[in-house]
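Chain letters run A, B, ... following the sequence lines, proteins first, then strands; residues in each count from 1.
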Amino acid sequence: MSGILDDLNPEQLAAVKCTEGPELIIAGAGSGKTRVLTSRIAYLISLGVPPERILALTFTKKAAGEMKERIAAMVGDRQARRIWMGTFHSVFIRFLREYAEAIGFPATFTIYDQTDSVNAVKTVIRQLGLDDKNVYKPREVQSRISRAKNDLVTPTPYANGEGGYRDSDKIHKKPEIYKIYAEYCKFCKTSGVMDFDDILLYTNILFRKSEEALTNIAGRFTHILVDEYQDTNLAQYLILKKLASVHHNLCVVGDDSQSIYAFRGAQIQNILNFQKDFPETRLFRLERNYRSTANIVNAANSLIANNEGRIPKNCVSMGSAGEKIRLMRAYTEGEEAFQIASAIISRMRSDGASYDDFAILYRTNAQSRALEEQLRRRNIPYIIFSGNSFFERAEVKDLMAYFKLAVNLRDDESFKRIVNKPARGVSENTVKELADFAFGRGLCLFEAAMSPELETSGLRGPAIKHLREFCTMMQGFAADSGDAYKAAMSIAHESGLYLFYKSDESVEGQSRFQNIQELLDSVAGFVEEQHEEYRNGLVEEGEVEDASEVPESALPVVTLGEFLENISLLSSVDVADDETSNKVALMTAHSAKGLEFPYVFVAGMEENLFPGGGWTISPKELEEERRLFYVAITRAKKAVVLTYADTRMRNGRHENNQPSRFLTEIAPQYVENPIRKERSLGGASSLLGGSGGSGSRFGGGSWRSSDFGSGNFSTSTSRKPGFGDVRASKNTTSPKPTSASAWEIKSAIQSRPKPAEVDPDFVPDPMSSFREGDRIEHNRFGKGTMGSITGTIPDLRAEVTFDLYGKKILLLKHAKLRHIK
DNA sequence: CGGCCCCGCGTTTTT
DNA sequence: CGCGGGGCCG
């Protein structure tokens, strides 16, 4: 116990020892906020607070898991596992299941992710006879509804003009959104599903409606702690306020400079106004940065100083000055990726770094493609943390839909998806008729299909028969509340889906079948994991000596419902550790929040991309982009490299963007070769004059200047012997099959291995590195001499005289060429 | 009734 | 360039 307070600096110590009353901890990046949070919880327990009376909320499962682990190290696993620690969503779901009846939901309600939600909105729009193509675009409408829910504006007040939503809808010529909203809510209720926003919304509604629920739930906790408070939205804020209303023991930790989720309703005011909400608040500032070098911290400070209305703070690095921030300019996104790969390799040589010391961050997921391609080409192992590409695959969704429907027969979206997959004689028209029938009577599809009245509808006998057969089968699945894996297997087989996919012998078909297999494996993995957890629990409680003593029969039943819930709440960074080991990490700047790496690259530092992933952005949005960039660079411990490209392929078209304004907002003394602010374009070298004009801008030969930062790069592209030693032994292909858990699978698939190159060892040089007269080698035509280079970037053409094949014109962006020593 | 192909569309970020 | 939806053909 005594170790809990050791090694804390004075500010951290003060924050930890302040255990009663509202507390606001402003924690700069890298200032040890997790440390404070975990120490504070451990300290509370050491003071005699029962662990189960402590509620600690985070945004990601990963953050919760890490905290739990660290607390366990201080107070022991046995105590740590009793704490109510988890994500907002997972904890609130637990409350909602308990009181589901009070808000008119079945306790077994299932969760819709955003895709499900958009699909449901779409069906509702169609159901209402509105135009879902040009006017009421489902995505847009869904995000509108989402915003309203985050503001706790339910359909009735929405329709009555509260919050100004309706007026705004009218201005945007979408006056009927309020109807869609109302109908969508009804749809979800009928279907027994909640979307992400509902989890927060209905928790509020529950607390408003049922005094008993509120006092009961709030009464369980004497101390509440919240991580990343700057990212809470109104709904979360109100829940916290209610839970803490009696004791006010609410400790929130956050950094207004890292608020990056306004787009999903986060209110930066929550942290800015905390002291107004709780006047007796005690405020602590953690300003000592233990993560990054002084150059990085100072650079970040100088950047964020461009934002207004911040909580004043002065972050200071506890480390050495370190390297300056490096800028790298490239012609295209492909070359940018190439340079990053080169820089990684050269850094590994010079610093003895390993792959997992590196992260490549970017603004949009689409940017990962070019990066992947180059990394793969150079045999650098990597892992992409991004959306749910595995769970977005059609075949996976199919099987998941069976699972979902089995757990919740009222889930209409899943019903529609699989009712005729594999084909069982239920036509699209039949489903439409059924849906109309159901809609008219407020039934879900399942109920409608089983309704005796269905005979009187326009549906024909055989159609009804097929529908009912399907329903009966699903009913059978639903009755199975046993082991998730057994249930999953029998569903896969008895539904015919397994065979359906197995029998497709095409290459893609086999890959689809593999995904089905992997999904099933992941169910098995999940069950095993839960059992493991349970066994360890018994050991901790002293019930048994050894985990192996626990007999199979004594293990709790892990249901399919639990599996589904786990999957739906997984975030992009929730990946098994062994999947990330010794791999370069690729992710969006958003996903990187809360993580740290020795070396960080930020790719795509261009106007209209970062800042401005989309189009014109408001001053407020610009500030959020700046905070996002602040988050990105403060992930780095040792070095930051910022890269940008003159031209970038987007939507299939080439775009010429100027270097990001953020590059000049960092005070130049922290940057190795700063871009001069006065010059709006062209970076350090003036070679590229106008924006996208034509004419040969190559061939001057003068560009070799400092475009690549420290020159570290330009020569390192030569292939040296021993290069092969950086090749990954276990690259990014999928791991062992049997005990893989869902997130392992997810990450394995995300790395999308591609077919092998003609010559996998051939590492081409960047197209900008060639000059007339160079001796080069082509991976097919062999050796040759570079002739004149013409054309405009990125469509540079080179006339090459090959020793064996003679003169050829090559498009540089496609040709695989390298220098010969 | 189902599967295939073509066209047109659109693109932040995520629990 | 990649996806989804719709239309057309077998």
Whole Å only: how far is the [atom1] atom of [X] from the [atom2] atom of [N]?
{"X": "A:Asn365", "N": "B:dT14", "atom1": "CG", "atom2": "P", "answer": "5 Å"}
{"X": "A:Gln142", "N": "B:dT15", "atom1": "CD", "atom2": "P", "answer": "14 Å"}
{"X": "A:Leu570", "N": "B:dT15", "atom1": "CG", "atom2": "P", "answer": "9 Å"}
{"X": "A:Phe263", "N": "B:dT14", "atom1": "CZ", "atom2": "P", "answer": "6 Å"}
{"X": "A:His654", "N": "C:dC1", "atom1": "NE2", "atom2": "C1'", "answer": "11 Å"}
{"X": "A:Asp198", "N": "B:dT15", "atom1": "CG", "atom2": "P", "answer": "17 Å"}
{"X": "A:Asp132", "N": "B:dG10", "atom1": "CG", "atom2": "C1'", "answer": "15 Å"}
{"X": "A:Ile260", "N": "B:dT14", "atom1": "CD1", "atom2": "P", "answer": "9 Å"}

Among [options], find the nucleotide with the atom closest to the side chain of [X].
{"X": "A:Thr87", "options": "B:dT14, B:dG10, B:dT15", "answer": "B:dT15"}
{"X": "A:Ala423", "options": "B:dT14, B:dG10, B:dG2", "answer": "B:dG2"}
{"X": "A:Arg369", "options": "B:dG2, B:dT14, C:dG2", "answer": "C:dG2"}
{"X": "A:Lys122", "options": "B:dT14, B:dC1, C:dG5", "answer": "C:dG5"}
{"X": "A:Lys137", "options": "B:dT15, B:dT14, B:dG10", "answer": "B:dG10"}

At less than 4.0 Å, is any side-chain N or O atom of [X] found next to OP1 or OP2 of [N]? Yes or no.
{"X": "A:Lys133", "N": "B:dC9", "value": "no"}
{"X": "A:Ser427", "N": "B:dC1", "value": "yes"}
{"X": "A:Asn420", "N": "B:dG2", "value": "yes"}
{"X": "A:Ser568", "N": "B:dT15", "value": "no"}

Q) Is the ring centre of A:Phe88 under 5.5 Å from the base ring centre of B:dT15, and are the two planes under 30° apart, so that they stack? A)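 No; centroid distance or tilt outside limits.
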Q | Between A:Asn306 and A:Tyr630: side-chain donor-acceptor atoms closer than 3.5 Å | A | no
(Q) Quick one about A:Asn233 and A:Tyr261 (side-chain donor to acceptor, distance below 3.5 Å, no hydrogens or angles considered), yes or no? (A) no
Q: Determine the interplanar angle of the A:Phe105 and A:Tyr202 rings, folded into 0 to 90°, and report it as parallel if under 30°, tilted if 30 to 60°, perpendicular if over 60°.
A: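 Perpendicular: the ring planes of A:Phe105 and A:Tyr202 meet at over 60°.
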Q: Take the angle between the ring planes of A:Phe526 and A:Phe563 and call it parallel below 30°, perpendicular above 60°, tilted in between.
A: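 Taking A:Phe563 first and then A:Phe526, their aromatic rings stand perpendicular (interplane angle over 60°).
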Q. Is NZ or CZ of A:Arg97 both nearer than 6.0 Å to the six-membered ring centre of A:Phe109 and within 45° of the ring axis?
A.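 Yes.
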[X] near the nucleic acid: base, sugar-phosphate alone, or nothing, with a heavy-atom cut-off under 4.0 Å?
{"X": "A:Phe196", "result": "base"}
{"X": "A:Glu428", "result": "nothing"}
{"X": "A:Arg126", "result": "sugar-phosphate"}
{"X": "A:Lys421", "result": "nothing"}
{"X": "A:Ser591", "result": "sugar-phosphate"}

Q: Would you kindly compare A:Arg139 and A:Arg264 by the position of their nearest DNA chain B nucleotide and give the one closer to the 5′ end?
A: A:Arg139
Q) A:Thr430 or A:Leu569: which one's nearest nucleotide on DNA chain B is closer to the 5' end? A) A:Thr430
Q | Donor-acceptor contact present, side-chain A:His654 to main-chain A:Arg648, <3.5 Å | A |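 No: the side chain of A:His654 does not pair with the backbone of A:Arg648.
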